[in-house]
Amino acid sequence: MVTTTKTKEWYLRYPLEDPMHKTALCEIKDEKDFLPENSSVFQPVTARVAAALSMSAADEKLLKENLRALGFGDIVTLAYGEGDRDKIGMCIASRVTGDQLQIAVVLRGTCGEEWYSNFEIGYSAEHSGFARAADFAELRLADYVFTRAICIQPRFFITGYSRGGAVANILAKRLCDRYGLDFVSAYTFAAPSTTISRRTNRYSSIFNIVRGEDFFTRVPLESWGYTKYGKTISLSDHGDMIANYRKLTGEDYIGFTRQRLVDNFLCTMQGLAPNVHAYYRRRRQVGERQLSMYEFLTCVADMLSQHMDDAVADVFFSAMFSDYAELISFLSSGADLAEIVSSAAAVPRCSVADSHSPAAYMASLELFLPQ
């Protein structure tokens with residue numbers, strides 16, 4: 001007997017840059033639903049869906065449209081105003097499949113004041129800025145579950161990009177601890193490291209998808225003991241990403257093409273701050289000021305959150321002649337520093353930003369997971 005299976009299709013749209021001037025359509029096909037039966041086995045179709053959702057989270061309307069296209073309803077968005085450093089923009093939605101309640105949580109990347117939180121590493125077992133945002137997300141999710149999952153064991157689908165990926169990583173770990181690995185499927189993209197825990201591998205239903213050329217995925221430093229919960233999957237060295245990026249965006253890729261460039265810079269960072277204590281306490285002369293790496297990166301947060309003033313601009317230009325010169329050179333590579341400082345964009349285009357961009361990840365993902 002020949003059995004025919006109807007192929008499922010989903011059409012999801014995601015932005016290629018921020019602000020969202022360009023979008024791309026992602027066509028996803030599979031014979032089964034995109035949520036895997038075994039959450040601890042990596043599923044390409046789940047990764048594609050998670051990528052489109054997490055990268056569309058920058059636009060509340062677009063994200064809601066994508067969730068509806070996947071059959072989700074009862075959609076709630078939270079903290080989607082100007083970013084609060086201790087919160088995170090998030091979207092919760094649910095659907096019923098058979099006798100199962102499935103709850104999706106999509107966490108947005110950095111917005112506004114949240115940049116300051118990204119640099120607040122702290123001294124605890126988890127990155128303190130991301131952990132506080134995860135506290136917020138966990139409480140809001142608990143409220144949602146309490147009113148909808150009465151006498152039902154829900155199943156969670158968690159995803160996020162960049163800062164959203166880091167918070168998703170911590171949130172998914174907490175959900176695994178509470179509900180068990182079988183009830184949590186988490187796929188993060190471009191996530192920074194989150195924890196110094198030595199028991200990260202046991203969270204086998206969390207998949208962290210990174211590019212080795214993406215600086216943000218490799219801080220806080222591994223030499224400081226930082227890693228991520230779950231399994232990390234690298235998209236590096238899979239075909240001609242540059243050609244795919246150009247095909248996708250119509251523009252040339254100006255990001256890093258060799259992981260070694262990032263490796264070398266991480267060694268420079270290690271020299272400037274060999275541990276977290278030095279990150280906060282070891283000060284270096286910058287013009288007329290003495291700044292620790294944390295204090296210097298707070299100035300970077302001023303720029304990225306568009307709180308630039310003459311004092312912050314002076315720090316950047318003075319840093320070119322300080323021990324932080326290599327840090328400034330790396331962060332501004334691919335662009336002119338004066339243009340970055342004066343840019344109206346929250347994240348000016350440069351090599352670091354291009355390597356971390358949604359377009360770079362989608363270009364790499366299409367090569368890593370061909371349809």
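- Side chains of Thr194 and Asn169: a donor on one and an acceptor on the other come within 3.5 Å.
- Leu171 places none of its side-chain heavy atoms less than 4.5 Å from the side chain of Phe156.
- In this structure, Ile209 and Phe368 have side chains that are not in contact, with every pair of non-hydrogen atoms separated by 4.5 Å or more.
- Residue Met362 forms a side-chain contact (heavy atoms from CB on, under 4.5 Å) with just one option from Leu248, Thr249, Asn244, and that option is Leu248.
- Considering only residues two or more places apart in sequence or on other chains, Arg218 meets the salt bridge (charged side-chain N to carboxylate O under 4.0 Å, His left out) condition with Asp263.
- Neither side chain, Thr97 nor Asp33, offers a donor N or O lying under 3.5 Å from an acceptor on the other.
- A donor-acceptor contact closer than 3.5 angstrom is absent between the side chains of Gln259 and Glu213.
- Separation of atoms CD (Gln100) and CD1 (Ile152) is listed at 10.5 Å; rounding is to 0.5 Å.
- Note on residues 27-46: pairs passing ring-ring contact (aromatic ring centres under 6.0 Å, His included), not counting sequence neighbours, are Trp10-Phe34, Phe34-Phe157, Phe42-Tyr187, Phe42-Phe207.
- In this structure, Ile254 shares a hydrophobic cluster with no other residue, the cluster being traced through Ile, Leu, Val, Met, Phe, Trp and Tyr side chains under 4.5 angstrom apart.
- With sequence neighbours excluded, the residues forming a side chain to side chain contact (heavy atoms under 4.5 Å, CB included) with Thr227 are Thr195, Thr200, listed by chain and number.
- Phe146 and Leu139 end up in different hydrophobic clusters when Ile, Leu, Val, Met, Phe, Trp and Tyr side chains are linked at under 4.5 Å.
- Judged purely by distance below 3.5 Å, without hydrogens or angles, the side chains of Asp302 and Tyr116 pair a donor atom with an acceptor atom.
- The shortest distance between side-chain heavy atoms of Val300 and Trp115 does not fall below 4.5 Å.
- Donor-acceptor pairing under 3.5 Å is lacking for the side chains of Ser318 and Arg289.
- Side-chain contact between Phe215 and Leu331 is present, with heavy atoms from C-beta onward closer than 4.5 Å.
- For CD of Glu37, the number of neighbouring non-hydrogen atoms (other residues, nucleotides, ligands) closer than 6.0 Å is 12 at most.
- Residue Leu67 holds its CG atom at 5.0 Å from SG of Cys91, rounded to the nearest 0.5 Å.
- Arg211 places none of its side-chain heavy atoms less than 4.5 Å from the side chain of Thr217.
- Relative ring orientation between Phe296 and Tyr324 is described as parallel, the plane-to-plane angle staying below 30° on a 0-90° scale split at 30° and 60°.
- Under the ring-ring contact (aromatic ring centres under 6.0 Å, His included) criterion, Phe130 pairs with His127, sequence neighbours left out.
- Around CD of Glu222, the count of heavy atoms belonging to other residues, nucleotides or ligands within 6.0 Å does not exceed 12.
- Between Arg85 atom CZ and Glu120 atom CD the span is 5.5 Å, to the nearest 0.5 Å.
- Phe136 CZ to Leu78 CG: the interatomic distance, rounded to the nearest 0.5 Å, is 5.5 Å.
- One finds a salt bridge joining Glu114 and Arg163 here, because a Lys/Arg side-chain nitrogen approaches an Asp/Glu carboxylate oxygen to under 4.0 Å.
- Looking at Ser39 and Arg155, their side chains come closer than 4.5 Å, going by heavy atoms from C-beta outward.
- Between Ser56 and Asn66 the shortest heavy-atom distance is OG-ND2, 3.1 Å.
- A side-chain N or O of Tyr203 and one of Asp177 form a donor-acceptor pair less than 3.5 Å apart.
- By the 6.0 Å contact criterion, CG on Asp310 is open, its count of non-hydrogen atoms from other residues, nucleotides or ligands being 12 or less.
- Using a 4.5 Å cut-off on side-chain heavy atoms (C-beta onward), Ile103 and Leu141 make contact.
- The one candidate from Thr46, Leu53, Val105 that meets the side-chain contact (heavy atoms from CB on, under 4.5 Å) condition with Thr159 is Leu53.
- When the side chain to side chain contact (heavy atoms under 4.5 Å, CB included) test is applied to Glu60, the partners found at least two apart in sequence or on another chain are Lys64, Thr77, Tyr80.
- Taking a cutoff of 4.0 Å between a charged side-chain nitrogen and a carboxylate oxygen, Arg174 and Glu126 qualify as a salt bridge.
- For the residue pair Tyr144/Ser94, the side-chain donor-acceptor check at 3.5 Å is satisfied.
- The residue from Leu291, Val315, Val286 that alone fulfils the side-chain contact (heavy atoms from CB on, under 4.5 Å) condition with Ser322 is Val286.
- The ring of Phe189 has its center no closer than 6.0 angstrom to the ring center of Tyr161.
- A 4.5 Å side-chain heavy-atom check between Tyr280 and Ser292 finds every atom pair outside the cut-off.
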